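Model, not experiment: these values are computed from the prediction.
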Amino acid sequence: MDIRLEMLKEHPESFGDSYPDASQRPIDFYRERVTDSYIVGAFDQAKIVGTAGYFIQKGKKAEHKAYLWGVYTTKDNRGQGISRKLSQRVLDDLPEHIELIQTCVVKGNDTAHEIYKELGFQEYGVEEKGLKVDGKYYDEILMVKFLK
């Protein structure tokens with residue numbers, strides 16, 4: 001839970017959730033949320049230093065799609081390839097029936113954008129003003145990786 005709050009507090013422009021909202025939710029909200037997701041982590045001793053996960057879209061018409069989310073590495077552990085390795089692990093562990101995985105990255109987050117491109121994601125659009133943080137808008141680059 002601590003790493004989730006850290007990512008939202010330190011980089012509010014990079015995630016759809018907000019620190020004020022997340023910090024007020026009961027732990028049961030997160031227990032329920034993670035049961036519908038697959039999440040991997042990187043650790044330094046017993047301390048979590050990176051995360052990545054996916055969830056499968058709901059409904060018959062969309063259950064062939066997954067969404068990569070929560071990719072984050074703590075500040076002191078960046079530059080070691082952790083986010084790339086965790087994202088690759090997510091891709092490697094997708095169920096066989098998944099045909100594509102989507103993600104998005106805030107325009108200007110060049111490191112994450114490059115990682116996703118290296119992993120085979122391609123851009124398919126831009127959601128202008130996709131996020132609004134403290135009155136400032138951020139565009140999101142929409143990306144997809146076709147698996148089949």
Side-chain angles (χ1 to χ4, degrees), residues 1-25 27 29-30 32-34 36-45 47-59 61-95 98-148:
M1 184 65 196
D2 290 342
I3 196 168
R4 176 77 179 157
L5 292 176
E6 177 184 323
M7 70 175 69
L8 297 174
K9 188 174 187 178
E10 297 297 320
H11 300 281
E13 75 288 350
S14 294
F15 301 97
D17 202 359
S18 73
Y19 179 83
D21 290 343
S23 63
Q24 298 300 311
R25 291 189 189 108
I27 195 71
F29 172 87
Y30 295 101
E32 184 177 317
R33 189 172 182 191
V34 299
D36 290 338
S37 297
Y38 172 88
I39 303 166
V40 293
F43 294 84
D44 182 3
Q45 305 296 323
K47 184 174 191 283
I48 190 162
V49 298
T51 62
Y54 75 80
F55 64 86
I56 298 172
Q57 305 278 338
K58 302 273 189 218
K61 294 181 178 180
E63 63 190 8
H64 65 289
K65 299 188 293 185
Y67 194 87
L68 175 66
W69 68 277
V71 179
Y72 180 74
T73 301
T74 58
K75 186 176 181 178
D76 292 342
N77 292 279
R78 293 187 186 143
Q80 301 174 43
I82 293 171
S83 287
R84 187 186 195 296
K85 289 174 188 169
L86 290 173
S87 297
Q88 183 63 61
R89 176 67 185 266
V90 165
L91 294 173
D92 292 344
D93 291 349
L94 287 167
I98 297 299
E99 298 176 24
L100 63 94
I101 184 167
Q102 299 168 306
T103 196
C104 68
V105 61
V106 170
K107 196 179 266 189
N109 186 345
D110 297 334
T111 301
H113 191 223
E114 280 304 310
I115 289 170
Y116 297 145
K117 287 194 312 190
E118 288 172 9
L119 292 171
F121 284 85
Q122 52 194 342
E123 296 178 25
Y124 69 91
V126 174
E127 182 179 357
E128 294 181 20
K129 298 183 178 183
L131 296 174
K132 184 177 180 182
V133 180
D134 296 328
K136 183 177 178 185
Y137 292 101
Y138 295 87
D139 296 343
E140 292 185 298
I141 301 168
L142 309 176
M143 302 185 81
V144 64
K145 177 181 173 100
F146 293 100
L147 306 170
K148 299 181 182 196

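Taking both residues in full, the closest heavy atoms of Asn77 and Ile82 are given as O-CD1, 3.5 Å, listed atom of the first, atom of the second, then distance. Taking every heavy atom of both residues into account, Val105 and His113 meet most closely at CG1-CD2, 3.8 Å. For the residue pair Gly41 and Ile48, the shortest heavy atom distance occurs at CA-CD1, 4.2 Å. Minimum interatomic distance between Gln80 and Lys85 (heavy atoms only, all atoms of both residues): O-NZ, 3.9 Å.
Taking OH from Tyr54 and CD1 from Ile98, the interatomic distance works out to 7.0 Å, rounded to the nearest 0.5 Å. Between the NZ atom of Lys145 and the CG atom of Leu68 there is a distance of 11.0 Å, given to the nearest 0.5 Å. Rounding to the nearest 0.5 Å places CG of Leu94 at 6.0 Å from CG of Leu147. With values rounded to the nearest 0.5 angstrom, Glu63 atom CD is found 10.5 Å from Lys58 atom NZ. To the nearest 0.5 Å, atoms CD (Gln102) and CE (Met143) are separated by 12.0 Å. For the atom pair CG (Leu86) and CG (Leu91), the distance works out to 11.0 Å, reported to the nearest 0.5 Å.
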Worksheet entry | Val71/Tyr116 under side-chain contact (heavy atoms from CB on, under 4.5 Å): CA gap, chis, key distance, verdict | CA-CA 11 Å; Val71 179; Tyr116 297 145; 3.6 Å; yes
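Checked options Phe55, Phe121, Tyr38; the residue passing with Tyr67 is Phe55 (criterion: ring-ring contact (aromatic ring centres under 6.0 Å, His included)). Of the options Val40, Thr103, Leu119, a side chain to side chain contact (heavy atoms under 4.5 Å, CB included) to Val90 is made by Val40 and by none of the others.
Arg78 CZ: more than 12 foreign heavy atoms inside a 6.0 Å radius. Around NZ of Lys148, the count of heavy atoms belonging to other residues, nucleotides or ligands within 6.0 Å exceeds 12.
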